[in-house]
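I have placed the structure first, in the form of structure tokens, so that the comments after it can refer back to it.
Here is the naming used below: chain letters follow the sequence lines, and residue numbers restart at 1 for every chain.
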Protein chains: 2
Amino acid sequence: MRTHQLVQSWLEEQLAAGHLAVGDRLPGERMVAEQLGISRASAREGIRVLEAMGIVRAGVGSGPGAGTVITANPGAALGAALRLHMATSHLPIEDIVQTRLLLETWAAAHARPAAPAMENAAALLEAMESSAPDEKEFLRLDALFHVALADAAGNVLIGAMMSSLRESIEGYTLRLTRTLPDWAATSARLRAEHRDIHNAIRNDDGALAAKMVANHIEGFYKEAGFSGA
Amino acid sequence: MRTHQLVQSWLEEQLAAGHLAVGDRLPGERMVAEQLGISRASAREGIRVLEAMGIVRAGVGSGPGAGTVITANPGAALGAALRLHMATSHLPIEDIVQTRLLLETWAAAHARPAAPAMENAAALLEAMESSAPDEKEFLRLDALFHVALADAAGNVLIGAMMSSLRESIEGYTLRLTRTLPDWAATSARLRAEHRDIHNAIRNDDGALAAKMVANHIEGFYKEAGFSGA
DNA sequence: GGGTTAGTGTGGTCGGACCACACGCCGACC
DNA sequence: GGTCGGCGTGTGGTCCGACCACACTAACCC
């Protein structure tokens with residue numbers, strides 16, 4: 001086992017033993033290195049990996065927000081990894097879209113009407129309809145709306161995956177959007193569909209919501225000329 | 001942007017531009033550092049993150065297998081991250097099992113009878129039946145069998161996710177298995193179900209295969225006394 | 001009392017050094 | 001001529017010590 005991996009196994013132990021929990025601060029890098037009997041450089045490598053995994057967050061200075069603090073952010077971390085893997089051409093965008101479809105229809109079917117995330121979703125609907133956002137802003141809100149729906153199903157892992165998937169295909173979706181003939185009409189339709197989906201979940205009609213989500217996503221990609229889904 | 005992240009964006013550019021591809025070797029750490037105008041320590045931190053993401057693989061010495069070579073291993077990388085997140089108690093095991101169920105039923109429904117992975121699956125069935133593996137070995141083969149089925153659906157991302165999920169809950173499953181009253185009977189049943197699933201896919205009956213996979217997984221956890229699924 | 005300044009601890013970066021490893025070359029030996 | 005051994009070389013792996021920017025704290029001066 002390589003030296004920097006000691007940090008990971010050490011943190012895993014500390015977490016399992018209850019000595020550390022989300023929100024706690026790690027000892028300083030110099031301290032970690034000393035406790036594990038390794039150099040600060042190796043300790044840093046280990047911490048850097050933890051950061052890439054979304055387990056910790058590092059901040060300079062002092063006071064709250066400084067130091068290396070344990071977070072729990074499975075989503076943001078995955079996004080970067082997926083982007084890289086897409087760049088290797090060993091992860092077709094079709095597969096990502098397909099997976100997104102699977103996760104979202106499941107989430108729609110299992111979303112709980114009373115979930116806190118549904119409030120966010122409603123607020124996002126308002127934002128998309130009241131203001132007149134440009135394509136990029138609309139897409140940002142749209143992404144947040146879909147992630148909120150995924151969160152409403154109450155499965156942390158699926159919520160995180162949805163978040164990463166959206167992030168990794170964000171650039172691609174934006175390019176796709178710009179090829180649309182009539183953005184105003186399309187966005188109006190998307191907004192209406194969002195409303196319908198939202199209402200279906202509110203009415204606890206998961207089956208209907210799932211069906212509409214599938215149509216919503218497939219319809220968009222179909223209109224934009226994407227054949228993968 | 002922090003220095004070590006330059007390595008990631010640099011590699012992403014190189015991949016996008018086609019200057020590097022899977023299988024190629026990166027310039028040496030010292031060379032990368034020099035080209036990006038950063039120190040070797042920072043370059044190493046960046047490379048370490050790439051390694052954790054499953055983008056590259058590092059090997060010492062010389063000749064083939066040495067140096068930092070670009071791979072494409074989305075699966076193995078995710079497993080460690082999921083384990084850590086489980087340790088933070090912010091990723092319930094129920095969510096993982098639930099996600100596994102979702103992915104596997106989908107994969108069974110979409111598995112292609114002629115996929116190369118089906119050959120592996122068949123070989124794994126043989127191994128599970130001919131020899132008399134102990135629980136740990138049986139579980140290992142079982143995991144590989146399920147991953148093979150996921151691969152047979154042809155979706156790289158879902159295959160990778162399945163692989164990571166199985167890895168992250170491996171320890172948990174093993175503990176669960178040891179509480180079973182009659183392992184011989186259970187394993188015999190599991191083997192028979194594997195056969196049925198395999199045959200259903202061979203006969204291109206995705207719907208049946210999906211149903212059987214769901215029963216297979218739910219049945220196991222139910223028998224082992226796990227209420228989350 | 002209020003504004004300023006020195007102190008302290010954090011992560012961020014750097015340069016250089018040495019190690020273990022694995023290959024390929026090349027000379028010595030049979 | 002063929003084979004075996006050892007050395008050179010380049011790789012990642014690890015370590016050390018230093019300095020920096022930052023943000024907060026506390027002491028200080030006016």
Return the CG to CG distance between A/Leu91 and A/Leu84, rounded to the nearest 0.5 Å.
11.0 Å

More than 12 heavy atoms of other residues, nucleotides or ligands under 6.0 Å from CD of B/Glu34: yes or no?
no

Measure the acute angle between the ring planes of B/His146 and B/His216, then classify it against the limits of 30° and 60° as parallel, tilted or perpendicular.
parallel

If you look at every strand shown and take non-hydrogen atoms under 4.0 Å, does B/Gly65 touch a base, only sugar-phosphate, or nothing?
nothing

For A/Ser39 and D/dC16, is the shortest distance between a side-chain N/O and OP1 or OP2 below 4.0 Å?
no

D/dC15, D/dG12, C/dT10: which one has an atom nearest the side-chain heavy atoms of A/Thr3?
D/dC15

On a heavy-atom basis, the closest approach of A/Ser164 and A/Leu78 is OG-CB, 3.2 Å

Taking the nucleotide of DNA chain C with the closest heavy atom to each, which residue, B/Pro64 or A/Met31, is nearer the 5' end?
A/Met31

5'-most by nearest nucleotide on DNA chain D - A/Ser62 or B/Glu29:
B/Glu29

Select base, sugar-phosphate, or nothing to describe what B/Gly63 touches, counting heavy atoms under 4.0 Å on all strands.
sugar-phosphate

Can you check the A/Glu34 CD to D/dC16 C1' distance for me, whole Å?
14 Å

Sidechain N-carboxylate O distance under 4.0 Å for B/Arg202, B/Glu119
yes

Roughly, in whole Å, what's the span from CZ in A/Arg25 to C1' in D/dC24?
11 Å

Just how far, in rounded Å, is C1' of C/dG12 from CE of B/Met1?
15 Å

Side-chain N or O of B/Thr68 less than 4.0 angstrom from OP1 or OP2 on D/dG12?
yes

Would you kindly give the NE2-to-C1' distance between A/His4 and D/dT14, to the nearest whole Å?
12 Å

Between A/His194 and A/Phe145, how do the two ring planes meet: parallel, tilted or perpendicular, split at 30° and 60°?
tilted

Is the closest basic N to carboxylate O distance between B/Glu45 and A/Arg44 below 4.0 Å?
yes

Is a donor-acceptor pair below 3.5 Å formed from side chain B/Arg30 to base D/dG12, judging by atom type as modelled?
yes

Quick check: do A/Trp10 and A/Leu15 have side-chain heavy atoms less than 4.5 Å from each other?
no

Rounded to the nearest angstrom, tell me the gap between atom CD1 in A/Ile38 and atom P in C/dC19.
20 Å

Between the opening five pairs and the closing five pairs of the helix from C/dG1-D/dC30 to C/dC30-D/dG1, how far apart are the helix axes, to 10°?
30°

In whole angstroms, the gap separating C1' of D/dG12 from CZ of A/Arg2 amounts to 8 Å

Between C/dC14 atom P and B/Leu36 atom CG, what is the distance in whole Å?
11 Å

Counting C-beta onward and ignoring hydrogens, is there a side-chain heavy-atom pair between B/Ile38 and B/Val32 closer than 4.5 Å?
no

Just how far, in rounded Å, is C1' of D/dG13 from CZ of B/Arg57?
16 Å

Flag side-chain contact, heavy atom, 4.5 Å: A/Ile169 against A/Leu82
no

Give me the residues of residues 40-56 of chain B where at least one heavy atom lies under 4.0 Å from an atom of DNA chain D, by number, or none.
B/Arg40, B/Arg44, B/Arg48

